There are 2 protein chains.
Amino acid sequence: MTKRRVSLKDMAKELGVSISTVSRALKDHYDLSPEIIAKVKALAKEWNYAPNPFAMSLLKQQTKTIGVIVPDIVTHFYSSIISGIENKAGENGYYIIISSSQESHRKEKENLKNLLNLRVDGLIVCLSQDTMDFSHFESVLDSEIPLVFFDRVCRTEEFSSVVIDNVEAAKELTVHLFKNGSKKVAHIAGPPNLNITKERVEGYRKGLEECGLTFDPNLLIHCNLSIEEAAVATNKLLSLKNPPDAIFGVNDMVIFSAMKEIKKKKLKVPEDIALVGFTDEFHATVVEPNLTAVAHPTFEIGKEAARLLLNEINSPVKKTVQQVTMKAKLIERESSAKRGKQIS
Amino acid sequence: MTKRRVSLKDMAKELGVSISTVSRALKDHYDLSPEIIAKVKALAKEWNYAPNPFAMSLLKQQTKTIGVIVPDIVTHFYSSIISGIENKAGENGYYIIISSSQESHRKEKENLKNLLNLRVDGLIVCLSQDTMDFSHFESVLDSEIPLVFFDRVCRTEEFSSVVIDNVEAAKELTVHLFKNGSKKVAHIAGPPNLNITKERVEGYRKGLEECGLTFDPNLLIHCNLSIEEAAVATNKLLSLKNPPDAIFGVNDMVIFSAMKEIKKKKLKVPEDIALVGFTDEFHATVVEPNLTAVAHPTFEIGKEAARLLLNEINSPVKKTVQQVTMKAKLIERESSAKRGKQIS
DNA sequence: AAGGTTTGTGCAAAGCTTTGCGGAAATAAA
DNA sequence: TTTATTTCCGCAAAGCTTTGCACAAACCTT
């Protein structure tokens, strides 16, 4: 138990005036005598007064708090987005409360319930990997608390969301591989229920089509987004009788893992097999060879999600569902350099 | 403005009983009739009642909230520690509010003030890079709110802290380099004001001493923890007339940057120059060659800090300052392999 | 001097919960 | 029938802030 902070009451007692007078003095109410105002302010400063946020929340029925649910906070992709959210929220006097679903549907539901009970003013959510049933968001609709999804989304007619154009980006990536000499492009995809998986697979197939390559079901493997499963998938691909000459991975983890497995087999990237993926700016340049990748503007995604949410929170009208698509850019680096070209 | 949630009052009205009865029924008060209890509970469930946390905070004078201040949330080291904190806090029904100082003393002060005004029950802090003046923690002492530092600490007689044995680890790292053939070990250190810097420099010098190497001031460079400054430092070392054959970097950023610069110069790690540092498990294995490093048990550090804090929060006695030193282990990988030995 | 206006301040309610205490009704005992 | 005992439930205060309304005092006008 910690010490009680000073309240208006304490100051009123000290100065021999009423609580209301103190309250008003602090906000320069027009018809208080200047002396009183000065006295009150001086004492407030000396005693280091700050309004009790709980009393305020109770009164105002708003908490200046945003709840965030992400699959995990350790992955750079998410922490960077969180950073963007924090940035925007902070600018507007909002605090964020972060909770991670650890890619579990159960935990996601639990976190959602907790944040709702905490009376957050709004929510920003990225779905967990194994969320296939979206009924828990019904309660959000009921409560009329604004919610914005990002990256992994659902119920887009009911909730705003921030995404990148996955179809287009995946297509671009596939075409890029073809142009740089790959003829057998494999794709290690994510869990089939996620929108990002579906969209990227769609883009992959469109890309193949555009290049006149036929889709080979053996070259498309779904896995969850762990290092382990990605390693298994990679090895499966590499041991095909007709192995791929390029792999397009659905995200960071998958790419890292694939790269490790490829190196273990003494194969060279990109000479033997090119490698591309979706990732964030940071990691693409840490690994070697540097990764050709669709880089998410993570910080911006976070900021945008927060901006949308703040808009909805402060909007007088009922609902303003919006889908924002951010620009993701393909950055060509070493891992998919043209065959035969010397890598420096 | 969102919909009001149901309150005890609403339910009391609906059932035609008093608020107190509803409140007591929900906690199975002994002298209420079983029928009333059943009715209340049924309605509470149907209406999805949850106590208003602000009313509770007001009443109980505690918020079940922990404030966390870190230099940034994007770096894996910190996000992983945060993850540990969240884990432990969650288990005990506490929420965490995270704010980042962005390595700025000013922001750190501001965050501290905000969290104090928010009435958090406790604080977990890692100092910013340019915090040299620690007077802002006076207010924490005054408020009697428990605080635990980790990694970058100060005022250790007044606040508990969780650290690793930097001196010992740095010494070990230096000796390891010597044993594997390095004779001129350089150290890129952090800002001189940080305890981690001082301790690692001390360990470095002890290590040199133990190996019978004399300390060369040219081989010790201080820099802030950015990619850019680390690159400058690395180049300065490499262009000495008598350049080092090993670099010991104070943290991740420094190491990544140094590695890039070394590769740019077409030098080989570890053949031309060995590289070791302090980092987390994850990144050490992502870069190539894999990094020999003192790996922080980041998740555990977070859990331990939270554990200490929770102890203090729930302790009836006044103060129980504790210094916990976590085990950091040196993991030998490729970047410092014995000279001449083949790297697989 | 009496009524009207201005100026400065306090009361009280609302927002929500918990809990000590007191009170009413019902039952048991005398 | 009256008193004592249970059994069940409500009042009210505390925790803190804001704000509409009311009240009092001082001033001004006629």
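Here is the naming used below: chain letters follow the sequence lines, and residue numbers restart at 1 for every chain. Both backbone and side-chain heavy atoms feed into the values below; hydrogens, waters and symmetry mates do not. Please read these numbers as outputs of a predicted model, since none were measured by experiment.
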> Classify the nucleic acid contact of B/Ser23 as base, sugar-phosphate or nothing, counting any heavy atom under 4.0 Å across all strands shown.
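Base contact.
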> What's the CZ-P distance between A/Arg24 and D/dT18, to the nearest Å?
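Result: 11 Å.
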> Does the distance from a Lys or Arg side-chain N to an Asp or Glu carboxylate O, for A/Lys113 and A/Glu110, drop under 4.0 Å?
no
> Answer yes or no: does a side-chain N or O of A/Lys9 lie under 4.0 Å from OP1 or OP2 of D/dG15?
yes
> Got A/Ile96 and A/Thr65 here, is their nearest side-chain heavy-atom distance under 4.5 Å?
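Sidechains of A/Thr65 and A/Ile96: no contact.
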> Would the distance check show the side chain of B/Glu108 and the main-chain N or O of B/Ser128 forming a donor-acceptor pair, the cut-off being under 3.5 Å?
yes
> Salt bridge (Lys or Arg N to Asp or Glu O under 4.0 Å) between B/Lys41 and B/Asp28: does it pass, once the steps are laid out?
CA-CA 10 Å; B/Lys41 284 192 169 176; B/Asp28 287 311; 3.0 Å; yes
> Expressed in angstrom and rounded to an integer, what is the separation of B/Leu59 atom CG from D/dA13 atom C1'?
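Spelled out: CG on B/Leu59 to C1' on D/dA13 is 11 Å.
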> Roughly how many Å is it from CG in B/Asn117 to C1' in D/dT17, rounded to a whole number?
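Rounded to whole Å, this separation is 15 Å.
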> Closer than 4.0 Å, any side-chain N/O of B/Lys27 to the OP1 or OP2 of C/dT18?
yes
> Using only atom types and a distance under 3.5 Å, with no angle test, would you say the side chain of A/Ser100 pairs donor to acceptor with the backbone of A/Asp72?
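Absent.
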> Would you say the side chain of B/Leu147 lies within less than 4.5 Å of the side chain of B/Glu312, judging by non-hydrogen atoms?
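In short, these two side chains do not touch, never coming nearer than 4.5 Å.
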> So, OP1 or OP2 of C/dT17: does either fall under 4.0 Å of a side-chain N or O from B/Tyr49?
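B/Tyr49 to C/dT17 OP1/OP2: side-chain N or O found under 4.0 Å.
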> Any side-chain donor-acceptor pair under 3.5 Å between A/Ser160 and A/Gln322?
no
> Let's see if you get this right: which residues in residues 11-22 of chain A place a heavy atom under 4.0 Å from DNA chain C?
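Output list: A/Val17, A/Ser18, A/Ser20, A/Thr21.
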> Identify all pairs in which a protein N or O lies below 3.5 Å from an N or O of nucleotides 24-28 of chain D, and state each distance.
none

> For A/Asn52 and A/Phe54, indicate whether the former's side chain and the latter's backbone hold a donor-acceptor pair under 3.5 Å.
yes
